[in-house]
Amino acid sequence: MQNILITGGAGYIGSHICLKLQENGYRPVVFDNLSNGHRDAVSPDVPFIHADIRDSAALNKAFDDFKPAAVIHMAALIEAGASMVEPARFYEVNTAGALNLLEAMRHNGCKHIVFSSTAAVYGNRDEGLLSETLEVRAENPYGRSKAMVETMLRDYADIYGFHAIALRYFNAAGADPEGRTGERHDPETHLIPLILQTASGQRDHIKIFGTDYDTPDGTCIRDYIHVDDLASAHVKALAHVIASENAAFDAVNIGTGEGCSVKEIIELCKEITGQDFGVIEDARRPGDPAKLVANPAKAQDMFGWWADYPSPRQIIAHAWAYHQKNMAKTR
Ligand code: UFG
């Protein structure tokens, strides 16, 4: 059984990937500093290294102890809004941290990597669906901190022979369909969990950040991707990089190709939860692009992935089921 080192494996998306790796015959080894992740989000039978990606000695020990066949690199700061206030932290953790990891990989002879990138690398565009052939033009330091890692991966592929795929996630949401794990950020900043907390009475109201965007209803449009589909994409991308004989770097969108506005998501949440709640129209949040919707064709062509749960209804229903079962945890 191949060991897969997964940095940030105790996080929201990481915990779903661990389940998928196990279901597909891999052995995840989690490397996480628990700054945002939760130890109990990962099964006790998964080896767990409590350490930071900026700690080279801890990384070298992990490579030495577990000899991973590949790395899934997820550990990062994720809030685009926060990056507009504290960009240095994002470059330090996301960019310098990734360089530290790549160097540890290089020194330990591990050249296969799947990297968590983001749709935020595209920024504000007039194009309809976003394709990977577009030039990268992030709108905020968060997106730029990830785009820089993509650049490094391209060089590591060209010059050091790495096999790398950067998955550009659109908006991850939902929870494990079997309810084993779900979204638990503290503080929570993402739209769907915030709405569900409002629906269950944990918050007074939900604020809409901006109603004057150039979109049909004036609110931002995003491509919401079920976290279970996102996890499957990692397993398929991983198998692809491990099997590929030639060094290569590819950036690949992981989205559904369908967009949904903030107002539409709020209405769907009201319908699915059966709850009415307060909605306040507020100012724009700095750094938010008006519309981010994927052209997901490359993922299908390259490693046979497409979304099994493309409907925001299913995403919200699974998130709501998890939220109701874990109210104390998701607060
Ligand atoms: N929003 C609100 N009110 C809220 C929270 C969010 O109106 O209380 C809006 C945002 O302005 C945005 C949309 O809902 O228009 C989605 O916001 P999220 O914070 O849920 O997600 P983002 O689109 O900002 O970012 C997420 C991830 C990033 C990733 C990006 C890719 O956090 O890591 O999706 O699209 F890069």
Side-chain angles (χ1 to χ4, degrees), residues 8 11-14 36 74-85 90 93-94 115-125 129-130 136-147 149-150 166-174 183 185 187-199 202-215 217-227 230 251 253-269 277-296 312 315-316 319:
Y12 165 46
I13 301 169
N36 285 308
M74 319 218 21
L77 301 178
I78 58 162
E79 291 165 36
S83 80
M84 297 293 284
V85 184
F90 284 73
V93 176
N94 295 6
F115 168 60
S116 307
S117 189
T118 169
V121 301
Y122 292 112
N124 245 326
R125 319 296 282 236
L129 299 184
L130 301 167
V136 159
R137 218 169 59 198
E139 197 76 4
N140 50 54
Y142 164 70
R144 288 189 280 274
S145 74
K146 292 275 185 173
V149 180
E150 290 193 3
L167 297 179
R168 293 180 177 165
Y169 309 168
F170 283 66
N171 284 56
E183 189 159 13
H185 293 115
E188 187 53 76
T189 63
H190 294 100
L191 182 66
I192 292 176
L194 284 177
I195 300 174
L196 298 182
Q197 289 175 6
T198 314
Q202 291 174 322
R203 290 175 188 269
D204 281 349
H205 54 257
I206 183 77
K207 282 186 181 165
I208 300 181
F209 296 146
T211 51
D212 59 348
Y213 284 96
D214 185 16
T215 59
D217 68 16
T219 67
C220 288
I221 293 177
R222 295 287 182 273
D223 180 339
Y224 292 89
I225 175 80
H226 197 299
V227 65
L230 197 46
N253 288 340
I254 302 297
T256 67
E258 297 290 333
C260 211
S261 76
V262 174
K263 280 189 174 165
E264 286 169 337
I265 291 286
I266 291 174
E267 285 315 308
L268 275 175
C269 288
F277 45 82
V279 178
I280 293 178
E281 298 194 353
D282 204 356
R284 289 184 180 198
R285 186 174 66 179
D288 276 349
K291 182 178 171 195
L292 291 169
V293 181
N295 172 353
I315 293 175
I316 294 167

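Atoms within each ligand, like the ligands themselves, are counted from 1 in listed order.
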Original post:
So do Cys220 and Thr215 actually touch side chain to side chain, heavy atoms under 4.5 Å?
Top reply: no

**OP:** Would you mind listing which atoms of ligand 1 come within a distance below 4.0 Å of any non-hydrogen atom of Leu292?
**Re:** 35 (O)

Original post:
When only distance counts, is Ile78 in polar contact with ligand 1, meaning an N/O pair under 3.5 Å?
Top reply: yes

**OP:** Would you mind listing which atoms of ligand 1 come within a distance below 4.0 Å of any non-hydrogen atom of Ile206?
**Re:** 8 (O)

**OP:** Would you mind finding which of Arg285, Lys263, Glu79 brings a heavy atom closest to atom 19 (O) of ligand 1?
**Re:** Arg285

**OP:** Run the salt-bridge test on Lys263 and Glu281 with the 4.0 Å N-O cut-off and return the result as yes or no.
**Re:** yes

Original post:
At what distance is the nearest protein heavy atom to atom 11 (O) of ligand 1, and which residue and atom is it?
Top reply: Asp288 OD2, 2.6 Å

Original post:
Which residue and non-hydrogen atom of the protein lie closest to atom 33 (O) of ligand 1, and at what distance in Å?
Top reply: Tyr142 OH, 2.9 Å

**OP:** Please confirm whether the backbone N or O of Phe209 pairs with a side-chain atom of Asp282, one donor and one acceptor, at under 3.5 Å?
**Re:** no

**OP:** For ligand 1, indicate whether the residue Thr189 contacts it via side chain, backbone, both or neither (heavy-atom separation under 4.0 Å).
**Re:** backbone

Original post:
Between Arg284, His190, Arg222, which one has a non-hydrogen atom sitting closest to atom 27 (C) of ligand 1?
Top reply: His190

**OP:** May I ask you to check if ligand 1 and Cys220 share an N or O to N or O distance below 3.5 Å?
**Re:** no

Original post:
Is a side-chain N or O of Lys146 found less than 3.5 angstrom from the main chain of Ser116, in a donor-acceptor match?
Top reply: yes

**OP:** Could you tell me the residue and atom name of the protein heavy atom closest to atom 8 (O) of ligand 1, and the distance to it rounded to 0.1 Å?
**Re:** Leu194 CD1, 3.4 Å

**OP:** Indicate yes or no: at least one non-hydrogen side-chain atom of Asn253 is less than 4.5 angstrom from one of Phe170.
**Re:** yes

Original post:
Relative to ligand 1, is Leu191 under 4.0 angstrom through side chain, backbone, both or neither, heavy atoms considered?
Top reply: both

Original post:
Any sub-3.5 Å donor-acceptor pair from Asn94's side-chain atoms to Ala76's backbone N or O?
Top reply: no

Subject >> Nearest-neighbour protein heavy atom for atom 36 (F) of ligand 1, which is reported as residue plus atom name and distance >> reply: Thr118 OG1, 2.2 Å

Original post:
What protein heavy atom sits nearest atom 31 (C) of ligand 1, and how far away is it?
Top reply: Asn171 OD1, 3.5 Å

Original post:
Are any of the N or O atoms of Ile208 closer than 3.5 Å to those of ligand 1?
Top reply: no

Subject >> Donor-acceptor contact present, side-chain Arg284 to main-chain Asp212, <3.5 Å >> reply: yes

Subject >> Residue pair His185 / Glu79, side-chain heavy-atom distance below 4.5 Å >> reply: no

**OP:** Indicate yes or no: at least one non-hydrogen side-chain atom of Ile192 is less than 4.5 angstrom from one of Arg222.
**Re:** no

Original post:
Side chain, backbone, both or neither: which part of Lys207 comes within less than 4.0 Å of ligand 1 when only heavy atoms are counted?
Top reply: backbone

Original post:
Mind checking whether Tyr142 and Phe90 have parallel, tilted or perpendicular rings, split at 30° and 60°?
Top reply: perpendicular

Original post:
How far is atom 4 (C) of ligand 1 from its nearest protein heavy atom, and which residue and atom name does that atom have?
Top reply: Phe209 CE1, 3.3 Å

Original post:
Is the backbone N or O of Asn124 less than 3.5 Å from a side-chain atom of Glu139, with the two atoms forming a donor-acceptor pair by type?
Top reply: yes

Original post:
Under 3.5 Å, N or O to N or O, is Tyr169 touching ligand 1 that way?
Top reply: no

Original post:
Any idea which part of Tyr224 is under 4.0 Å from ligand 1, heavy-atom wise: side chain, backbone, both or neither?
Top reply: side chain

Subject >> Glu258, CD: over 12 other non-hydrogen atoms inside 6.0 angstrom >> reply: no

Original post:
When you measure from atom 9 (C) of ligand 1 to every protein heavy atom, which one gives the shortest distance, and what is it?
Top reply: Val262 CG2, 3.8 Å

